[in-house]
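This report refers to the structure that appears directly beneath it.
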Amino acid sequence: MTFSLASHVTSTETDTGMVLLDERTGRYWQLNDTGALVLRCLLSGGTVASAASTLRERFSGAPEAATADVEKLVDALRAAKMVAS
């Protein structure tokens, strides 16, 4: 499955992660380093599994926890209509 930002969403990299702006509502989403890492992975063609693998490599954590964290972020972004997939 391919992920992309919705056409009404713009992103800006920050020193501590990334900020997304929903231009329809004016609502901002601030992603920390970890959230930005996951989103970058997904936007570059990665999958939930590969994003979770990247998290495990960067932060030594349990595979199940990394996958659950990625899925939770994806679900939240989809619910807010910030990404298209």
Side-chain angles (χ1 to χ4, degrees):
M1 179 177 315
T2 303
F3 285 83
S4 62
L5 292 177
S7 61
H8 57 272
V9 175
T10 56
S11 66
T12 301
E13 296 284 335
T14 67
D15 290 340
T16 59
M18 181 185 295
V19 174
L20 305 177
L21 169 63
D22 183 336
E23 295 174 357
R24 297 172 309 163
T25 64
R27 183 176 179 199
Y28 286 92
W29 279 57
Q30 185 171 356
L31 301 177
N32 63 16
D33 299 3
T34 305
L37 176 69
V38 168
L39 185 57
R40 277 189 227 101
C41 181
L42 295 170
L43 293 175
S44 68
T47 63
V48 168
S50 65
S53 178
T54 299
L55 281 183
R56 285 191 307 275
E57 290 171 10
R58 169 102 28 117
F59 311 100
S60 56
E64 302 80 24
T67 300
D69 289 346
V70 171
E71 289 172 345
K72 184 176 178 181
L73 176 60
V74 168
D75 290 346
L77 290 169
R78 281 185 179 146
K81 296 183 174 47
M82 300 291 278
V83 294
S85 58

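Position 1 is the first residue of the sequence, and the numbers go up from there.
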> Would a 4.5 Å heavy-atom cut-off, applied to side chains only, mark F3 and T47 as touching?
Replying inline: no
>> Any side-chain to backbone donor/acceptor pair from T67 onto E64? Under 3.5 Å, distance only.
In response: no
>> Just so I know, are the side chains of L20 and T10 near enough to count as touching, which here means a heavy-atom distance under 4.5 Å?
In response: no
> Hey, is CZ on R24 packed in by over 12 heavy atoms from elsewhere, all under 6.0 Å?
Replying inline: yes
>> Could you check whether R40 pairs with E13 (Lys NZ or Arg NE/NH1/NH2 to Asp/Glu carboxylate O, under 4.0 Å)?
In response: yes
> CG/L42 to OG/S4 distance, rounded to the nearest 0.5 angstrom?
Replying inline: 11.0 Å
>> Once rounded to the nearest 0.5 Å, what's the spacing between atom OG of S11 and atom CG of L39?
In response: 7.5 Å
> Which atoms form the tightest heavy-atom contact between W29 and A76, and what is the distance?
Replying inline: CH2-O, 3.6 Å
>> I need the minimum non-hydrogen distance between G35 and L73, along with the two atoms involved.
In response: O-CD2, 3.7 Å
> Are E23 and V9 close enough that some pair of their side-chain heavy atoms sits under 4.5 Å apart?
Replying inline: no
> Any side-chain heavy atom of Q30 within less than 4.5 Å of one from M18?
Replying inline: no
> Can any side-chain N or O of H8 pair as donor or acceptor with the backbone N or O of K81 at less than 3.5 Å?
Replying inline: yes
> In the single-linkage hydrophobic clustering (I, L, V, M, F, W, Y; side-chain heavy atoms under 4.5 Å), do L5 and M82 co-cluster?
Replying inline: yes
> Checking S53 side chain against A49 main chain: does a donor-acceptor pair fall under 3.5 Å?
Replying inline: no
>> Count I, L, V, M, F, W, Y as connected when their side-chain heavy atoms are under 4.5 Å apart, and connections chain through other members. Are V48 and V83 then in the same cluster?
In response: yes
> Are V38 and L55 side-chain neighbours, meaning at least one heavy-atom pair lies under 4.5 Å?
Replying inline: yes
> Which heavy atom of A66 sits nearest a heavy atom of A52, and at what distance?
Replying inline: CB-O, 3.7 Å
> Taking C-beta and beyond as the side chain, do R56 and T54 meet within less than 4.5 Å on heavy atoms?
Replying inline: no
>> Rounded at 0.5 Å granularity, tell me how far CG in L31 sits from CG in L37.
In response: 11.0 Å
